[in-house]
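In the text below, chain A, chain B and the rest are named by the order of the sequence lines, each starting its count at 1. Quick caveat, the model's predicted, so the values are computed rather than measured.
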2 protein chains.
Amino acid sequence: MQRVFEALASPVRRKILAYLAHAELSAGDIASRFEMSKPSISQHLSILENAGLVVSEKRGQFVFYRQVEDNLANTLAGFVQEVCPVGRPLRRESATLAGDRGKGGEG
Amino acid sequence: MQRVFEALASPVRRKILAYLAHAELSAGDIASRFEMSKPSISQHLSILENAGLVVSEKRGQFVFYRQVEDNLANTLAGFVQEVCPVGRPLRRESATLAGDRGKGGEG
DNA sequence: CCAATGATTAGGCAATTACCTAATTATATC
DNA sequence: GATATAATTAGGTAATTGCCTAATCATTGG
């Protein structure tokens with residue numbers, strides 16, 4: 001949990017997570033989206049991986065990164081439950097999402 | 001949002017938020033719960049306040065702090081929506097909370 | 001006004017973070 | 001094996017963070 005919040009404290013790392021929201025990307029793909037050296041991005045990726053927010057898989061020359069879906073949402077949801085006085089906003093959020101069930105799909 | 005995540009990166013600050021989940025406390029009340037100098041706690045409190053997560057109110061000699069309830073949950077919920085692939089865990093969370101409605105109470 | 005209490009501001013220091021370049025490791029291709 | 005490409009590791013530096021003590025500001029009460 002500490003590692004998750006440390007990881008999220010960086011704008012670069014949050015942006016990486018956003019990139020990985022919809023697609024798996026190689027380290028180079030990610031680095032090319034930032035004006036920053038590849039080693040720096042590699043470091044950011046390892047911080048995200050140590051936090052359990054992403055996993056990497058080597059295929060050939062490339063290392064692909066993807067999100068570990070459950071960890072981020074679960075960690076934040078758990079934290080909110082613990083620290084928020086009542087969790088009213090989350091409940092409101094819940095109502096909305098609950099209303100969606102049956103329209104979208106669970107997975 | 002950057003300030004919120006920066007604020008949450010510190011264990012001390014998260015613990016302060018937890019203390020403020022159920023009660024309003026003075027700066028001294030909070031400081032007494034940590035093995036840390038009052039000025040340091042004061043600094044942590046100002047970081048939380050600048051992030052919009054708490055507000056302070058001076059009454060007599062004392063400065064009382066309390067959570068700004070909506071901001072934390074809303075910020076995190078918004079972030080999860082943006083960055084999580086599908087939001088499945090949040091949906092599951094939702095189902096639970098939705099099931100609670102009618103039993104507990106909305107406020 | 002003067003002393004006591006609560007809290008913040010100021011100033012300084014150690015540890016950490018974030019970045020860079022250079023070097024290394026691993027894979028693919030010839 | 002030699003070369004090119006992808007990625008990480010190593011090493012170094014500037015900026016930031018986190019903590020402390022001392023000093024200051026504000027309020028209460030004799």
So B/Val54 and B/Val68, side-chain contact (heavy atoms from CB on, under 4.5 Å) or not? Walk me through it.
-> CA-CA 5 Å; B/Val54 306; B/Val68 175; 5.5 Å; no
Derivation of the side-chain contact (heavy atoms from CB on, under 4.5 Å) call for B/Leu20 and B/Ile30 | CA-CA 9 Å; B/Leu20 294 178; B/Ile30 296 166; 4.1 Å; yes
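As judged by a 4.0 angstrom heavy-atom cut-off over every strand, B/Phe64 is placed among residues making no nucleic acid contact.
A/Gln67 places a side-chain heavy atom less than 4.5 Å from the side chain of A/Leu17. Counting heavy atoms from C-beta on, the side chains of A/Leu8 and A/Leu72 come closer than 4.5 Å.
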Summarise protein proximity over nucleotides 24-30 of chain C in one line of letters, 5' to 3': B for base, S for sugar-phosphate only, - for none, counting protein heavy atoms closer than 4.0 Å.
-> --SBS--
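In this view, B/Glu24 and B/Arg59 satisfy the side-chain hydrogen bond (donor to acceptor under 3.5 Å, both in side chains) rule, not counting sequence neighbours.
The local environment of CZ in A/Arg3 is sparse, with at most 12 non-hydrogen atoms from other residues, nucleotides or ligands closer than 6.0 Å.
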Hey, can you pull the donor-acceptor pairs under 3.5 Å for the side chains in residues 38-46 of chain A, sequence neighbours left out?
from: A/Ser40; atom 1: OG; to: A/Ser37; atom 2: OG; distance (Å): 3.0
from: A/His44; atom 1: ND1; to: A/Arg13; atom 2: NH1; distance (Å): 3.1
from: A/Ser46; atom 1: OG; to: A/Gln43; atom 2: O; distance (Å): 3.0

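For the pair A/Ile16 CD1 and C/dA18 C1', the computed distance is 13 Å after rounding to whole Å.
Only A/Met36, A/Ser37, A/Pro39, A/Ser40, A/His44, listed by number, bring a heavy atom of residues 24-45 of chain A to less than 4.0 angstrom from any atom of DNA chain C.
Other residues sharing a hydrophobic cluster with A/Ile47 under the 4.5 Å side-chain heavy-atom criterion for ILVMFWY residues do not exist; the residue is a singleton.
A cation-pi arrangement is found for A/Lys15 relative to A/Phe34, the charged atom lying closer than 6.0 Å to the ring centre and inside a 45° cone about the ring normal.
Using a cutoff of 4.0 Å between basic side-chain nitrogens and carboxylate oxygens, B/Arg14 and A/Glu82 are not scored as salt-bridged.
Place A/Ser46 and A/Phe62 on DNA chain D by their nearest nucleotides, and A/Phe62 ends up nearer the 5' end.
Here chain B contacts DNA chain D (any atom closer than 4.0 Å to a heavy atom, that is under 4.0 Å), and the contacts span D/dG18 to D/dT28 from 5' to 3'.
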